[in-house]
Amino acid sequence: MTSGAFRVSVTKDYLVFASAHFVTFAGHRCEGLHGHNYRAHVTVDGGLDEESWLVFDFVELKRIMRRLCDEIDHKVLLPLHNPKLDVKDVGDTVTVAYDGQPRYVFPRVDCALLPIPNTTVEMLAQMLAERLWSALKAIGARNLTAIEMEIEENFGQSATYRMTLET
């Protein structure tokens, strides 16, 4: 008797987001604002659907991932849960202070305010995996067991978050 598991993966030229960010580090360091051309690669593990013999429809997975990438494309990525930062959304501007000192003022339309502690590639991978899972649940996806989200911030430089799913 043999056993196996199925997984489907998607990475496309349009599953990208060009965004600006900065990272706060241990101690009292905050890097300067800079940008990356991020790429997303997602893998979904699960059992086969008994009617279609698919883990999940590629077309639908690509559509959801494109929407998630588009939401943060050409934005300044700002973490809302960083104890070193004070991010204030005031009218049509966003102000950012680091360790109590004013640092940046951005047009609100150019910002993505994210529910993460830092805009590291690790945190972006986790956030996108969680957003994907929410979207999959909302459309009634079944038999999925894991999501693996890899976000590349530069060629050969990426982080992967693997999320085991409770169904």
Side-chain angles (χ1 to χ4, degrees), residues 10-44 56 60-141 144 146-166:
V10 170
T11 189
K12 290 293 205 185
D13 288 342
Y14 55 78
L15 295 183
V16 297
F17 51 102
S19 302
H21 81 132
F22 57 89
V23 172
T24 60
F25 294 97
H28 297 285
R29 286 185 38 225
C30 181
E31 69 182 356
L33 185 67
H34 64 282
H36 295 284
N37 292 314
Y38 296 93
R39 297 183 68 80
H41 175 93
V42 65
T43 300
V44 178
F56 193 78
E60 188 66 18
L61 186 57
K62 291 185 291 188
R63 185 190 66 74
I64 295 168
M65 282 303 301
R66 185 174 207 161
R67 179 180 54 80
L68 294 176
C69 289
D70 286 351
E71 289 173 358
I72 55 178
D73 189 30
H74 289 93
K75 301 286 185 185
V76 179
L77 307 179
L78 296 171
L80 293 178
H81 301 303
N82 187 317
K84 295 180 181 182
L85 297 177
D86 184 20
V87 178
K88 288 194 165 98
D89 185 357
V90 183
D92 36 336
T93 62
V94 175
T95 62
V96 181
Y98 172 71
D99 272 347
Q101 299 298 311
R103 187 150 180 123
Y104 299 110
V105 177
F106 300 108
R108 175 62 180 95
V109 69
D110 293 333
C111 297
L113 305 179
L114 306 176
I116 56 178
N118 216 344
T119 54
T120 61
V121 72
E122 292 89 347
M123 292 294 94
L124 294 173
Q126 180 181 14
M127 180 195 74
L128 287 170
E130 290 169 351
R131 287 183 173 183
L132 174 60
W133 179 226
S134 291
L136 292 171
K137 287 190 299 188
I139 61 170
L144 302 181
I147 294 172
E148 193 169 282
M149 183 72 66
E150 180 182 11
I151 303 299
E152 181 181 83
E153 69 178 12
N154 204 345
F155 180 72
Q157 189 171 308
S158 66
T160 301
Y161 177 73
R162 182 171 174 79
M163 179 179 182
T164 303
L165 305 177
E166 304 288 327

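Both backbone and side-chain heavy atoms feed into the values below; hydrogens, waters and symmetry mates do not. Count residues from 1 along the sequence. From a predicted model like this one, the values you see are computed outputs, not experimental measurements.
Residues passing the side-chain contact (heavy atoms from CB on, under 4.5 Å) test with Lys137 are Trp133, sequence neighbours excluded. Tyr98 meets the ring-ring contact (aromatic ring centres under 6.0 Å, His included) test with no other residue; sequence neighbours excluded. Remark: Asp13 engages Arg39 in a salt bridge (Lys or Arg N to Asp or Glu O under 4.0 Å) (not counting sequence neighbours). Every residue meeting the salt bridge (Lys or Arg N to Asp or Glu O under 4.0 Å) condition with Glu148, not counting sequence neighbours, appears here in chain and number order: Arg7, Arg162. Asp70 is linked by a salt bridge (Lys or Arg N to Asp or Glu O under 4.0 Å) to nothing, counting only residues two or more places apart in sequence or in another chain. Under the rule for a side-chain contact (heavy atoms from CB on, under 4.5 Å), Ser134 has no partner lying at least two apart in sequence or in another chain. Residues meeting the ring-ring contact (aromatic ring centres under 6.0 Å, His included) test with His36, sequence neighbours left out: His21, His34, Tyr38. Applying the ring-ring contact (aromatic ring centres under 6.0 Å, His included) test to Phe25 and every residue at least two apart in sequence or in another chain returns nothing. Under the side-chain contact (heavy atoms from CB on, under 4.5 Å) criterion, Ala112 pairs with Ile72, Lys75, Leu77, Leu114, sequence neighbours left out. Applying the side-chain hydrogen bond (donor to acceptor under 3.5 Å, both in side chains) test to Glu153 and every residue at least two apart in sequence or in another chain returns Gln157. Applying the salt bridge (Lys or Arg N to Asp or Glu O under 4.0 Å) test to Glu71 and every residue at least two apart in sequence or in another chain returns Arg67, Arg131.
Pairs passing the salt bridge (charged side-chain N to carboxylate O under 4.0 Å, His left out) check and including a residue from residues 78-98, sequence neighbours excluded, read Asp86-Lys88, Asp89-Arg108.
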